[in-house]
Amino acid sequence: MGRIIAIANQKGGVGKTTTAINLSACLAEKGKKVLAIDMDPQGNMTSGLGVDKNEVEKTVYDLIIGEAGVEDILCKEVLDNLDVLPTNIDLSAAEIELIGIENKEYIIKNEVDKIRDQYDFIIIDCPPSLSMLTINAMTTADSVLVPIQCEYYALEGLSQLIHTIELVKERLNERLEIEGVVFTMYDARTNLSLQVVENVKDNLNQNIYKTIIPRNIRLAEAPSYGMPINLYDTKSSGAESYRLLADEVIEKE
Ligand SMILES: Nc1ncnc2c1ncn2[C@@H]1O[C@H](COP(=O)(O)OP(=O)(O)OP(=O)(O)O)[C@@H](O)[C@H]1O
Ligand SMILES: [Mg+2]
């Protein structure tokens, strides 16, 4: 049975999608069978893995409104060992479509359940909000991995996020755990990054991944080529660090 990890933090621009893309790709590179699910209407995980989000006929939105089943929207073997459930801007209408729908918290879970035994890992990229889309990701997932950007406001919003995860666990998905936090965009040239890491370690009673993702321009460039970092620049510090993160995630199995 695939282990399902949602990458979530309602704070914008902290490295969720970069982590979702590159963790998925590095797990696949290590021979794991991976499904990447894009739950963000921005569709950046979809395009970052090389799927043209404006060309796909059916997307996660069609799942949400019941116009397609999971097999209908699956993009298979986008990379070796990696399938994608794609998304584009259509998904931004989902929140409204879901008003008054019964069991709306479980739409994605019910679909993913049909195929989860085909995968070792299922990685879900969440939007920067605590919306019904994020709730759908959290009811589907076994755990939540929280990227934290190494900047001054790193801890802001984290208590709401943890509270949300606890509420979902209590009321909707008793399996849900906090996988841990991963620091992103670490800049070794500044004291600030180091201070943020130490401050979070002192104040946050959660599992923290040993791997710290450095700030690496190659990570920012790769999506415009539709490639994960391990293919775009296989020897970059970004690629090396996401491989190490993948090793840690595998070890936790
Ligand atoms: N380690 C890194 N080094 C350099 N740039 C990075 C790194 N991680 C992310 N970025 C860049 O920072 C920006 C935000 O990253 P990303 O899109 O992954 O964040 P996000 O949390 O998914 O954002 P959103 O909340 O909008 O979904 C992007 O331009 C990305 O390319
Ligand atoms: Mg994102």
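Throughout, residue positions are numbered sequentially from 1 according to the sequence presented. First listed ligand is number 1; within each ligand, the first listed atom is number 1.
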Nearest-option assignment for atom 22 (O) of ligand 1, heavy atoms, candidates Asn22, Asn9, Thr184, Thr17 = Thr17

Identify the protein heavy atom lying closest to atom 31 (O) of ligand 1, giving its residue, its atom name and the separation to 0.1 Å.
-> Ala220 CA, 3.3 Å

Any sub-3.5 Å donor-acceptor pair from Lys11's side-chain atoms to Ala154's backbone N or O?
-> no

Below 4.0 angstrom from a heavy atom of Val14, which ligand 1 atoms are there? Numbered from 1 as shown, please.
-> 19 (O), 20 (P), 21 (O)

Return a yes/no value: protein heavy atom under 4.0 Å from atom 24 (P) of ligand 1?
-> yes

Test side-chain contact (heavy atoms from CB on, under 4.5 Å), reference Cys75, set Asp52, Asp83, Val56, output is Val56

In the protein, what heavy atom is nearest to atom 7 (C) of ligand 1, and what distance, to one decimal place, separates them?
-> Met185 CG, 3.5 Å

Does atom 13 (C) of ligand 1 have any protein heavy atom closer than 4.0 Å?
-> no

Can you tell me the protein heavy atom closest to atom 20 (P) of ligand 1 and the distance?
-> Lys16 N, 3.5 Å

protein heavy-atom neighbour closest to atom 26 (O) of ligand 1 works out as Gln42 NE2, 3.3 Å

Between Ser193 and Arg189, is there a donor-acceptor pair closer than 3.5 Å when you use the side chain of the first and the backbone of the second?
-> no

Would you say ligand 1 has an N or O under 3.5 Å from any N or O of Gly12?
-> no

With Tyr242, the side-chain hydrogen bond (donor to acceptor under 3.5 Å, both in side chains) member among Thr19, Asn22, Asn230 | Thr19

Got an N/O contact under 3.5 Å between Asn216 and ligand 1?
-> yes

For a side-chain contact (heavy atoms from CB on, under 4.5 Å) with Leu23, tell me which candidate from Thr18, Val34, Leu245 qualifies.
-> Leu245

State, without any angle test, whether Thr211 and Glu248 hold a side-chain donor-acceptor pair at a distance under 3.5 Å.
-> yes

Could you tell me whether the side chains of Thr234 and Arg243 share a donor-acceptor contact shorter than 3.5 Å?
-> yes

For Arg215, is at least one N or O under 3.5 Å away from an N or O on ligand 1?
-> no

Check whether any side-chain heavy atom of Pro127 sits under 4.5 Å from a side-chain heavy atom of Thr134, and report yes or no.
-> yes

What are the atoms of ligand 1, with element, lying closer than 4.0 Å to any heavy atom of Leu219?
-> 1 (N), 2 (C)

Among Asn44, Ile213, Ile7, Thr18, closest by any non-hydrogen atom to atom 30 (C) of ligand 1 | Thr18

N/O/S atom of Thr17 under 2.8 Å from the Mg ion (ligand 2), yes or no?
-> yes

Distance-only donor-acceptor check, side chains Ser92 and Tyr61, under 3.5 Å = no

Taking atom types as modelled, find out whether Asp90 and Thr59 have a side-chain donor-acceptor pair closer than 3.5 angstrom.
-> no

For ligand 1, which atoms sit closer than 4.0 Å to a heavy atom of Asp40?
-> 27 (O)

Does Pro214 approach ligand 1 within less than 4.0 angstrom via side chain, backbone, both or neither, non-hydrogen atoms only?
-> backbone

With no hydrogens and no angle check, do the side chains of Thr17 and Asp125 hold a donor and an acceptor under 3.5 Å apart?
-> yes

Do any nitrogen or oxygen atoms of Gly15 come within less than 3.5 Å of a nitrogen or oxygen of ligand 1?
-> yes

For ligand 1, find out whether one of its N or O atoms is nearer than 3.5 Å to an N or O atom of Ile217.
-> no

